[in-house]
Amino acid sequence: MTAPQPRHRRVLALPLGMAMATALAFLPNVSASAAGTAASTSTSSAAAADPTSLSYVVNVRPGHGTSERVQKAIDRAGGSVVIAYDEIGVIVAHSSNPDFAMIIRKVPGVDSAGNTRNAPLPAQSTTDVGTPEVLSSEQVAAADAQATDGQDPLEPLQWDLPAIKADKAHEKTLGSPKVTVAVIDTGVDDTHPDIAPNFSAAQSTNCVTGKPDTTYGAWRPTAAESPHGTHVAGEIAGAKNGIGITGVAPGVKVAGIKVATTAGYFYTEAVVCGFVWAAEHHIDVTNNSYYTDPWYFNCTDDPNQKALVDAITRASQFAERKGTVNVAAAGNESYDLASHSITDPVSPNDGTPTDRVIDPHRCFDIPTQLPGVVTVAATGAKGLKSSFSNYGLGVIDIAAPGGDATAYQAPEPPATSGLILGPLPGGRWGYMAGTSMATPHVVGVAALIKSTHPHASAALVKALLYAEASATPCTDPYDINGDGKVDAVCEGSRNHNGFYGWGTADALAAVTR
């Protein structure tokens with residue numbers, strides 16, 4: 001099977017007015033995507049790198065002493081240290097020595113080491129794929145005419161808000177400005193009128209190189225880059241200000257942590273940086289709508305892939321220990337993540353991918369399958385598992401609206417699309433779909449829980465998130481396209497199953513219980 005272009009696959013971006021012809025994009029194992037991004041300052045520094053150099057993570061025992069000794073060994077092995085996160089024992093290094101990882105693994109104090117990529121450091125592409133269609137002024141006006149008192153102009157098109165009772169929750173509270181969520185993603189356009197009122201620049205950064213770049217505006221996507229992170233940020237915390245859409249938690253703060261390269265890759269060093277930044281900057285909830293490139297599944301019997309799992313596990317757990325709830329998208333390939341056999345045709349997506357059969361109990365989608373991370377499946381306008389959403393008993397923790405083909409799950413009027421409406425860079429709005437869009441709904445509900453229970457630990461916020469979810473029984477049989485064939489099998493009970501986890505996220509319960 002020929003692998004698709006290398007992009008994060010937690011989002012399906014499709015135009016307004018989805019018809020049956022384009023509904024094919026939602027069939028299982030068919031994905032669309034949005035390109036990633038990097039700040040111009042990061043792109044420039046990457047271009048100056050040795051064209052044969054790769055990036056590595058070296059995992060050591062936490063603490064400055066071990067790290068300092070290993071850094072000297074890295075230098076002797078022909079490497080250079082980008083940054084050392086001593087608090088979690090992760091060192092980011094560059095080297096053009098093809099034997100670098102093998103040499104470093106033999107150094108006393110090194111637990112694991114591996115290359116984070118297969119392509120050299122300079123970016124390979126700036127192509128954007130799947131850009132959503134922008135709402136026209138006529139469409140905005142038509143939606144505004146349907147809005148009732150207290151609704152933002154585009155809120156009538158947001159079927160996803162009443163699906164999780166967010167509209168009712170907003171009658172109680174919009175969330176607390178003392179709560180901050182971070183969108184670890186392709187960048188956030190904080191100048192958008194739906195995002196600007198709630199944006200926290202002090203808690204935002206660019207982590208693309210693995211080291212925070214705090215240059216003002218470094219967290220933004222350029223005009224040619226993906227709108228993904230901006231859309232996600234608006235879904236979570238789009239301000240209720242008489243403009244555009246309304247977020248699930250329109251009163252909380254939102255920060256942008258940019259981790260995707262210009263070519264759209266979410267590499268380990270950037271993701272580690274993102275989690276550590278969140279931990280050290282008082283972020284209450286992180287949104288992770290991506291998988292970490294270049295491996296869709298990282299197998300721990302491979303020394304390179306094991307190092308990537310180790311590094312991001314350390315970073316995500318460090319953030320949770322600091323009080324951060326980490327929420328991640330389950331993916332869009334209709335995989336059963338609880339099965340014992342999945343064919344992964346896209347890895348490594350920055351090299352030469354081959355079909356490989358993996359066991360998801362041993363090979364992990366990260367950060368989705370990491371301990372402590374809240375894993376989110378997507379639902380459509382009828383409340384059923386989205387046709388594309390991954391699933392699996394014991395893997396999926398909760399479900400939320402991520403959209404689906406209108407031909408499969410059409411919303412009630414005045415909403416016209418089965419996809420999720422959100423802001424796009426440049427003061428625009430458009431539809432997107434995927435577990436990428438489900439995850440920010442859960443992040444918004446978690447932010448409302450934290451607003452209601454400001455002293456709650458990360459563990460308690462997660463417990464309340466699950467306990468307050470609306471129990472959603474298995475869809476059995478699940479024949480989403482109506483062709484008489486079962487498309488996926490749901491296992492489990494009404495209160496906990498492979499399609500919906502502990503249930504569908506409930507924003508009203510978050511602010512009343």
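Only a predicted model underlies this, so the values are computations on that prediction, with no experimental measurement involved.
Taking Lys322 as the reference, nothing meets the salt bridge (Lys or Arg N to Asp or Glu O under 4.0 Å) condition, with sequence neighbours excluded. Residues forming a side-chain hydrogen bond (donor to acceptor under 3.5 Å, both in side chains) with Thr286 (at least two apart in sequence, or on another chain): Asn288, Asn326. Scored by the ring-ring contact (aromatic ring centres under 6.0 Å, His included) test, Phe199 finds Trp219 as partners (sequence neighbours excluded). Applying the side-chain hydrogen bond (donor to acceptor under 3.5 Å, both in side chains) test to Trp277 and every residue at least two apart in sequence or in another chain returns nothing. Applying the side-chain hydrogen bond (donor to acceptor under 3.5 Å, both in side chains) criterion to Thr191, with sequence neighbours excluded, gives Asp189. Every salt bridge (Lys or Arg N to Asp or Glu O under 4.0 Å) that Arg356 has, sequence neighbours left out, goes to Asp344. Under the side-chain hydrogen bond (donor to acceptor under 3.5 Å, both in side chains) criterion, Tyr56 pairs with no residue at all, not counting sequence neighbours.
Looking only at atom types and distance, the side chain of Asn304 has no donor-acceptor partner in the side chain of Trp295 under 3.5 Å away. There is a side-chain donor-acceptor pair under 3.5 Å between Ser67 and Gln71. Of the N and O atoms on the side chains of Asn97 and Ser95, not one donor lies less than 3.5 Å from an acceptor on the other residue. Side-chain contact annotation: Ser387 with Asp404, donor-acceptor N/O pair under 3.5 Å present.
For the pair His441 (side chain) and Pro401 (backbone), a donor-acceptor distance under 3.5 Å is present. At distances below 3.5 Å, not a single donor-acceptor pair connects side-chain atoms of Ser386 with backbone N or O atoms of Ser389. No donor-acceptor distance shorter than 3.5 angstrom exists from the side chain of Asp293 to the backbone of Tyr267, with no hydrogens or angles considered. In this structure, His231 contributes its side chain and Gly430 its backbone to a donor-acceptor pair below 3.5 Å. Of the possible polar contacts, one joining the Lys450 side chain to the Ala456 backbone as a donor-acceptor pair under 3.5 Å is found. A donor-acceptor pair under 3.5 Å links the side-chain atoms of Asn206 to the main chain of Ala218, judged by distance alone.
Heavy atoms from other residues, nucleotides or ligands lying under 6.0 Å from NE2 of His282 number 12 at most.
Within the 4.5 Å cutoff, no side-chain heavy atoms of Ser334 are placed close to those of Phe388.
Sorted by first and then second residue, the salt bridge (Lys or Arg N to Asp or Glu O under 4.0 Å) pairs involving residues 84-112 (not counting sequence neighbours) are Asp111-Arg314. Applying the ring-ring contact (aromatic ring centres under 6.0 Å, His included) definition to pairs two or more places apart or across chains, none involves residues 64-85. For residues 187-235, the set of pairs meeting the disulfide (SG to SG under 2.5 Å) definition, not counting sequence neighbours, comprises Cys207-Cys273. Here salt bridge (Lys or Arg N to Asp or Glu O under 4.0 Å) pairs that include residues 263-283, with residues two or more places apart or in two chains, are Arg117-Glu269. The salt bridge (Lys or Arg N to Asp or Glu O under 4.0 Å) analysis of residues 294-307, with sequence neighbours excluded, yields the pairs Lys306-Asp310.
Atom NE2 in His228 sits 3.0 Å away from atom OG in Ser436 (nearest 0.5 Å). Between atom OG1 of residue Thr292 and atom CG of residue Leu370 there is a gap of 8.0 Å, rounded to the nearest 0.5 Å.
Between Ala330 and Thr368, the shortest heavy-atom contact is CA-CG2, 3.9 Å. The minimum heavy-atom distance linking Ile312 with Pro367 is given by the pair CG2-CB, 4.4 Å. Closest approach of Ser200 to Ala255, counting heavy atoms only: O-CB, 3.9 Å. Heavy-atom minimum distance, Ile74 versus Ala93: CG2-CB, 4.1 Å.
Below 30°, between 30° and 60°, or above 60°: for His340 and His361 the angle between ring planes is below 30°, a parallel geometry. Note: Tyr296 and Tyr335 have perpendicular aromatic rings, judged against thresholds of 30 and 60 degrees for the angle between ring planes.
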